[in-house]
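The block underneath contains the structure these notes are about, expressed in C-alpha cells.
In this text the structure is predicted, and so the values were computed from the model without any measurement. Each ligand, and each atom within it, is numbered from 1 in the order the structure gives.
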Amino acid sequence: MMKYWVCLGLMILFVGGGGLCPLKGVSGIGVNWGTQSTHPLPPSTVVGMLRDNGFGKAKLFDANSTILDALGKSGVQVMVGIPNDMLSTLAGSMQAAENWVAKNLSSHISSGGVDIRYVAVGNEPFLNAYNGSFLDTTLPALQNIQSAIIKAGLSAQVKVTVPLNADVYGSSTNLPSDGDFRSNISTLMLQIVQFLSDNGAPFTVNIYPFISLHDDPSFPFEFAFFDGSSAPLNDKGTIYTNVFDANHDMLVWALQKHGFGNMSIIIGEIGWPTDGDMNANLKNAQRFNQGFMTRYSTGQGTPLRPGQLDAYLFSLIDEDAKSIQPGNFERHWGLFSYDGQPKYALNLGTTTSTNGVLVAAKGILYMPQKWCVMSPSASLTDPQVAPSVSYACENADCTSLGYMTSCGNLTASGNISYAFNSYYQQHNQLDSTCNFPDNLSVITTQNPSTGGCNFTVMIATYYSSYSSSTASSVRGCRQHPATAFGVAGLLSYVLYTIL
Ligand SMILES: *[C@@H]1O[C@H](CO)[C@@H](O)[C@H](O)[C@H]1NC(C)=O
Ligand SMILES: *[C@@H]1O[C@H](CO)[C@@H](O)[C@H](O)[C@H]1NC(C)=O
Ligand SMILES: *[C@@H]1O[C@H](CO)[C@@H](O)[C@H](O)[C@H]1NC(C)=O
Ligand SMILES: *[C@@H]1O[C@H](CO)[C@@H](O)[C@H](O)[C@H]1NC(C)=O
Ligand SMILES: *[C@@H]1O[C@H](CO)[C@@H](O)[C@H](O)[C@H]1NC(C)=O
Ligand SMILES: *[C@@H]1O[C@H](CO)[C@@H](O)[C@H](O)[C@H]1NC(C)=O
Ligand SMILES: *[C@@H]1O[C@H](CO)[C@@H](O)[C@H](O)[C@H]1NC(C)=O
Ligand SMILES: *[C@@H]1O[C@H](CO)[C@@H](O)[C@H](O)[C@H]1NC(C)=O
Ligand SMILES: *[C@@H]1O[C@H](CO)[C@@H](O)[C@H](O)[C@H]1NC(C)=O
C-alpha cells in the first residue's frame, strides 16, 4: 500500500510555472499500449496516433506479433512485456526462454525492424492481490530471459527489467529519506536489484498518486498534483511539493541504502483516469497529466534525481475489458477514448503536438447511429429488469454508472438504458442483443447521451463480424483471476445502486 503523506511543513512553496517549452533534444514521452478492449483499434491506426502525437516510446504488455509488425520501422522505441502467467514456464526452462527470445524478440528486431529496447519480465508481479504467486518465479525468469538475450547476441541493445508496483518499498515515517524495501520482500528485491545492476538494466516502477488518493480518504488531495496548494513536505531540508516526487525519491533512498544509488529508474506507468470514481474525471486527469508532462518537458526531474525523467504515460486508449478488481476507474485511464478521440487538451511538449491539442486517430469507422434503450412502455417494476440489467452489465461495461461518475446522474430508466446500450454496442448492434425479456428494450436512432454522459456507438471492428467466437472473447477478458471477482463485485454493486 502506498503511504500517504502527512504534510508538516508550514512554508508554502510556489511551484514555478516551469515554462511549457520543451528542451531541445528531449525525446518523446513513452506511453503504455494496452489491448484489453472488446474493440481494439487496428495496430496501424494506433501507430499512426503514436507518430502524429510525437510519442517516442511504446510499452506493451506482451509481444503480440501483429502489433510488433505495425511498429516495425516506425521510429518508436518499444518495451515488450512477458505476462505474469508465463513466468513459471520461463523460470523453469532455459529452452522456453530461448524460444521466447527467438520468436518474440530476435525475429522482430532482425526482419521486422522493430526498435525493441526493453523486455519487461512480468507486470507488477509482487502486487498483494496475487498472494505471492510470482515470488518464486520472477527472478529465475528474469535470469533465463537475460541469458537467452545474451545468447541471441542482443544484450547491447535490449535490456531486461521488471515493472514493479510502488508498494515494494515504503517508509514508516512517510519521509522519503526513511524509504526502504518492504521488509518481507527485501531479500528478493535486493537480489533482483543486484541482477539488474550487474546487467546495466533499469529499475522500473509504477507510481500512482490517484491510487494513493483512492485508497486513503485522509490523503491530502492537493498533494497528488504537481501544481497543488498542499503544504510541502520537508524531508530534512529537501522540500517535496507533491507525492510523485516524494514517492520517486523514497525509491532512490531505498536503492541508495543498499549501494545502488546510481541505478537508472524508469517510470513504467503514470497517469490519471477520467471516469468510474469520484476523483476520476477530465479535470483532475488533465491537471495531473499536464503537471507531469510540464515537469517531464522541462527536464527538471525530482529533488534527488534532477535531470530528464524516463517515463511511460498510462495509458494511450481506454480498455473496456480490463479487470475492474481494483475499481471501476480501471477502464478509463486513456488519454484517448476507445475510438482514438482525445479526451482533453494535453501539451506533450513534443515537436509534433500542436499547442496542447492531441491528434485524434485517423480513419475511424463507427457502427450506425443507433442505440438500445429501455422501452418507453416497459415498467421499472417488471421482474425481468434486475436480471436483465445484471446480465448486460456482467457482459458489457457499466463502469460509468456510479456515484460522481460521468453517468451518475441518470434516472432509474436511464441507468437501465445505459446497461442495455453498452451490451448492444459491445455486441456490434446485433438485433438479438437488444431483445431483453418482456419487451424491456427497444432500438432508437435518437442519441440518449446527456451532458457528460456518453451513450457510445461502438467502432466497427476490422474483423468481419461479431461471431460467437468473438462473444466468447468478451468473456475471455474474465480469465484474469481478479476479474471474476470484479464482475461479481460490479454486479452486486449495480444491483444495489440501480434497483
Ligand atoms: C494481437 O493484437 C491484435 C490487435 O489488437 C488482436 O486482434 C489479436 O487478437 C492479438 N493477438 C493475441 C494473440 O493476443
Ligand atoms: C511470444 O509471445 C506471445 C505473446 O506474449 C506468447 O503468446 C507466445 O507464447 C510467445 N512465444 C513463445 C515461443 O514463448
Ligand atoms: C508483506 O506484508 C504486507 C503487509 O505489511 C502484506 O500485505 C503482504 O502480503 C506481505 N507480502 C508478502 C510477500 O508476504
Ligand atoms: C488471494 O487470496 C484471497 C483470500 O484468500 C482470495 O480471495 C483470492 O482469490 C486470491 N487471489 C489470487 C489471485 O489467488
Ligand atoms: C554515480 O554517478 C556519479 C555521477 O555520474 C558518479 O560521479 C559516481 O561515481 C557514480 N557512483 C557509482 C557508485 O557508480
Ligand atoms: C442509477 O445508477 C447509479 C449507479 O448505479 C446510482 O448511483 C443511481 O442512484 C441510480 N439512479 C436511480 C434514479 O436509480
Ligand atoms: C450530478 O449532479 C450533482 C448534483 O446536482 C452535480 O454536482 C454533479 O456535477 C452532476 N454530475 C454530472 C456528471 O453531471
Ligand atoms: C412483446 O411485444 C410483442 C409484439 O408487440 C407482443 O406480441 C408480446 O406479447 C409482447 N410480450 C410481452 C411479454 O409483453
Ligand atoms: C463519447 O462518444 C463519442 C461517440 O460515440 C466518442 O467519439 C467519444 O470518444 C466518447 N467519449 C468517451 C470519453 O468515451
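Side-chain contact annotation: Asn247 with Tyr208, donor-acceptor N/O pair under 3.5 Å absent. Using a 3.5 Å distance cut-off with no hydrogens or angles, the side chains of Thr456 and Asn454 do not pair a donor with an acceptor. No side-chain donor-acceptor contact under 3.5 Å links Asn131 and Ser133. Residues His39 and Asp320 have side chains that never bring a donor and an acceptor to within less than 3.5 angstrom of each other.
Within 4.0 Å of atom 11 (N) of ligand 2, at least one protein heavy atom is present. Inside a 4.0 Å radius of atom 14 (O) of ligand 8 there is at least one protein heavy atom.
Checked against the 6.0 Å centroid threshold, Phe260 and Phe203 do not count as a close aromatic pair.
Distances between N or O atoms of Thr66 and those of ligand 1 include no value under 3.5 Å.
Atom 9 (O) of ligand 8 has Asn439 ND2, 4.7 Å as its closest protein atom, hydrogens excluded (heavy atom only). The protein heavy-atom contact nearest to atom 4 (C) of ligand 2 is Ala63 N, 3.8 Å. Remark: minimum distance from atom 7 (O) of ligand 2 to any protein heavy atom is reached at Met86 SD, 4.8 Å. Ranking the protein heavy atoms by distance from atom 1 (C) of ligand 2 puts Asn104 ND2, 1.5 Å first.
With a 4.0 Å cut-off on non-hydrogen atoms, Ser65 does not touch ligand 1 at all.
Those atoms of ligand 2 with a heavy atom of Asp62 less than 4.0 angstrom away are 5 (O).
In this structure, OH on Tyr423 lies 5.5 Å from CG on Asn395, to the nearest 0.5 angstrom. With rounding to the nearest 0.5 angstrom, the OG atom of Ser74 is 10.0 Å from the CG atom of Leu68.
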